[in-house]
J.: 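Pasting in a structure now, in structure tokens, and then I'll have a few things to ask.
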There are 4 protein chains.
Amino acid sequence: MRRRASGLIRDTGRGHEAAILRAALEAFAAKGFNGTSMREVAHSAGTSLSNLYNYFPSKGHLLAELLQRAGDEQLSRVRDAAAGGSATERLDAVVRAHIGFSTEHQLAALVALSEVRYLVGEQRTRVVRARDAVLATVARIVADGAASGEFGTPHPHDAARAIVAMCSSVATWYRPRGRLSRKALAEQHARYALALLEADALG
Amino acid sequence: MRRRASGLIRDTGRGHEAAILRAALEAFAAKGFNGTSMREVAHSAGTSLSNLYNYFPSKGHLLAELLQRAGDEQLSRVRDAAAGGSATERLDAVVRAHIGFSTEHQLAALVALSEVRYLVGEQRTRVVRARDAVLATVARIVADGAASGEFGTPHPHDAARAIVAMCSSVATWYRPRGRLSRKALAEQHARYALALLEADALG
Amino acid sequence: MRRRASGLIRDTGRGHEAAILRAALEAFAAKGFNGTSMREVAHSAGTSLSNLYNYFPSKGHLLAELLQRAGDEQLSRVRDAAAGGSATERLDAVVRAHIGFSTEHQLAALVALSEVRYLVGEQRTRVVRARDAVLATVARIVADGAASGEFGTPHPHDAARAIVAMCSSVATWYRPRGRLSRKALAEQHARYALALLEADALG
Amino acid sequence: MRRRASGLIRDTGRGHEAAILRAALEAFAAKGFNGTSMREVAHSAGTSLSNLYNYFPSKGHLLAELLQRAGDEQLSRVRDAAAGGSATERLDAVVRAHIGFSTEHQLAALVALSEVRYLVGEQRTRVVRARDAVLATVARIVADGAASGEFGTPHPHDAARAIVAMCSSVATWYRPRGRLSRKALAEQHARYALALLEADALG
DNA sequence: TATGAATGAGTTTTCATTCAT
DNA sequence: GATGAATGAAAACTCATTCAT
């Protein structure tokens, strides 16, 4: 029984691969990396424990695969959004992209936030690099806006960190059937971010 | 050799209690609740594995004790800060209190943020209640300020959530010997928060 | 790329058979029967795991095939050498044949020595029989020489065992590029054997 | 139920330690290191699987402990025997000591012979060093005897290797209730060794 | 002949916890 | 309060083998 392609985890036609990734994502989100057993993942994926290892050489690799996909997708969205226009426009777009990712791929965003620490070596480096690149992208926009006078904030770099934290945290409480639509949420946070930066646009 | 009392974990004179709590806090922060074994805690605390159970009936109780202390302390600080003055003054004080806690008790703040999920039942309820009370305190101030016209933000409740998230996230990156002093950090975030709320005071 | 026919493992033109036997021989020699997985063998043989089972019905059969070939070859060489002449001449020839086998087919000799124990039933019986036949061949020569007065040793049967052990052990340390050539090694051990038997010829 | 102290494995009074070592020794001898499971060892030792790990941190350490004890004991016996007298006397004594060890501690001798390969790193180095020291001790005596004219063999160093191999192999077939007593076996092999060396004494 | 996917039983090792002292 | 020994359950991972194609 195939579930709808989620964008991050597409059905590759390769046996249980997608089912395993989906099961792992849900389990890691619900019970944490160390709180999840490979048995549970296998069970949820509808396959046997040992078959997991035909797809991923270790539990860590399974986490890494998820976090890399999440990190890459998030970075790609943010970078696209950071492409053109004034600092104000770009920041608005980036925040919307971030919130968009955090709500569309809420589980992945959640797991990326809380389970990176369990990656090691090269895998960790790669995921952390993507995360840092997101921050750097926001920081650059903030710096540009501060330089151009669009933003009045006296501490551009730290402000970028605050904005990213604010956006990321949405994944921890967002509920699809909540009071606010994804779009409303994105708009709201774009406004928070610009206000935080003391942007002219809100004057 | 006793380490300096940390405020949260005071030496009670009751044998290894403080050492155990400290060891657990550090381990949980470094490797997560499920990534930490009681053996490691015992070893770091300088006592035997079985002796742990003379102080705490289970690993879960050990976590609960830490999180309750952290939650209580944080709530108490925030409530104290929320006591008097205009909404602007109270918000400023609350943000400073929050940042103060997150930097003074960084490990506890970190563990409170990421390991609450492993509490169950009554213990979880109690800790979550403290966390919610912090949010409610901020939300009330924001609502007051919005009502009085001090804050221009059109979404007071969500803004409170954004502010708390922003403050909490400081614990994830703060380094005692970093560029900014704890006080500077607090000031900076107070400004971010007021700006986010579109406060008159920054006009 | 085919490796040179080794005598024991000839290329039969039957797909991967020779490659599998060679890979198994090397792996068993390096890591032992129980330390070697079928996966490793398949990988080294350049084929798939499941294809192994098209050639050998089980891991045990793979070992049996190797050990039978080794045992048969060794026995055949020893028997040929034991054919004619005086006891002294036959013993000299047999020791040279043994050392010849142990150095030419070092891996096979090594595996035959240390992994027979993992054979079971009929397969084990057959290999052990070949091994015993080698000993019996040597023992017969020694007995003949003792009877004829060529050898002065007072314990002919046990002496045969000592000689075979001495020859077999060469496989455990021989290195093709070592100090002694294969021929020199054979000569040396022939002399050890005759001396051990207190042969007239050395008087 | 305590079994008689074996010399190598003495009862230390520390719980199941001796029982575990004995069980492991027997199992490794019977089924090989990789053919033995920790479960079997635990079962034979009369304790639980997990309790094994309170005594030995890994299966490899268990093997190492056995092989180190065996290697140390063997080396110590051989060195004691190599102490005084003519080369002929010392060689005679050393061979008797070697056979003595191989028959008294047959299982340990057997396991030392066939399972060293599964040791790694420092542990392997140490055991191999003991084994090499035994060979070196014999080689020195042979060299002395060759120099003094007591032994006529033209290849002293390799002869030492042959003698050690011959003695070690006794452990592979010796049976306590066999035709020859331990003493007779030792005498016999001493004679083989001296004959092999073309010793004057046998002239 | 050849393969990729799959599996059940088994491996070593770790864990939180208990108990006798 | 403190300990060393012990345990049952479960963890991650491996294995020889099978099956559909």
Side-chain angles (χ1 to χ4, degrees), chain A residues 13-17 19-20 33-42 45-62, chain B residues 13-17 19-20 33-42 45-63, chain C residues 13-17 20 33-42 45-63, chain D residues 13-17 20 33-42 45-62:
Chain A
R14 202 197 154 216
H16 286 83
E17 191 178 36
I20 292 169
F33 178 69
N34 278 318
T36 299
S37 79
M38 289 296 262
R39 230 180 195 78
E40 293 172 87
V41 173
T47 185
S48 69
L49 170 58
S50 43
N51 197 28
L52 252 52
Y53 292 86
N54 289 326
Y55 293 88
F56 302 95
S58 78
K59 196 182 169 190
H61 281 83
L62 191 40
Chain B
R14 197 188 161 225
H16 287 86
E17 189 178 37
I20 292 169
F33 178 68
N34 278 315
T36 299
S37 77
M38 291 294 265
R39 261 194 160 80
E40 292 172 81
V41 173
T47 184
S48 70
L49 172 57
S50 27
N51 198 26
L52 254 50
Y53 291 85
N54 287 322
Y55 293 87
F56 302 95
S58 80
K59 196 183 170 192
H61 283 82
L62 191 39
L63 178 63
Chain C
R14 198 189 159 224
H16 287 86
E17 189 178 36
I20 291 169
F33 177 68
N34 279 316
T36 298
S37 77
M38 290 295 264
R39 261 195 159 80
E40 292 171 82
V41 173
T47 184
S48 69
L49 172 57
S50 27
N51 198 27
L52 254 50
Y53 291 85
N54 287 323
Y55 293 89
F56 303 95
S58 79
K59 196 183 170 191
H61 283 83
L62 192 39
L63 178 63
Chain D
R14 202 200 153 214
H16 286 83
E17 190 178 37
I20 292 170
F33 177 69
N34 278 317
T36 299
S37 78
M38 289 296 263
R39 230 180 196 75
E40 293 172 89
V41 174
T47 185
S48 71
L49 172 57
S50 43
N51 197 28
L52 254 52
Y53 292 85
N54 289 327
Y55 293 89
F56 302 95
S58 78
K59 196 181 169 191
H61 281 83
L62 191 41

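Here is the naming used below: chain letters follow the sequence lines, and residue numbers restart at 1 for every chain.
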J.: Check the distance between F:dA6's C1' and D:Glu17's CD and give it to me in whole angstrom.
T.: 15 Å
J.: Roughly how far, to the nearest 0.5 Å, is the CZ atom of D:Phe33 from the CG atom of D:Leu62?
T.: 8.0 Å
J.: What about C:Asn54: does its side chain form a donor-acceptor pair under 3.5 Å with the base of E:dA2?
T.: yes
J.: I need the B:Asn54 CG to B:Arg14 CZ distance, nearest 0.5 Å.
T.: 8.0 Å
J.: Given atom CG of D:Leu52 and atom P of E:dT14, what is their separation to the nearest angstrom?
T.: 12 Å
J.: Looking only at side-chain N and O atoms, does D:His16 come under 4.0 Å of OP1 or OP2 in F:dA5?
T.: no
J.: Which atom pair, heavy atoms only, marks the closest approach of B:Phe56 to B:Glu17?
T.: CZ-CG, 4.2 Å
J.: Taking the minimum atom-to-atom distance to the side chain of A:Tyr55, which one of E:dA6, E:dT1, F:dT7 wins?
T.: E:dA6
J.: Can you tell me the distance, in whole Å, between the CD1 atom of B:Ile20 and the C1' atom of F:dT3?
T.: 13 Å
J.: What integer distance in Å separates C:Asn51:CG from F:dA16:P?
T.: 16 Å
J.: Scan nucleotides 15-21 of chain E nucleotide by nucleotide, 5' to 3', and note B when protein non-hydrogen atoms come under 4.0 Å of the base, S if they reach only the sugar-phosphate, - if neither.
T.: BSBBB--
J.: What are the two closest non-hydrogen atoms of A:Met38 and A:Leu52, and how far apart are they?
T.: O-CD2, 3.3 Å
J.: Between C:Asn34 and C:Lys59, what is the shortest heavy-atom contact and its length?
T.: CA-NZ, 4.1 Å
J.: Specify the separation, in whole Å, of atom CG of C:Leu62 and atom C1' of F:dC15.
T.: 15 Å
J.: For DNA chain F, what string of dots and brackets results from 5' to 3' when Watson-Crick and G-U pairs need both distances under 3.5 Å, crossing pairs get [ ], and pairs with another strand get |?
T.: .||||||||||||||||||||
J.: Please give, in whole Å, the distance from F:dA2 C1' to B:Arg14 CZ?
T.: 12 Å
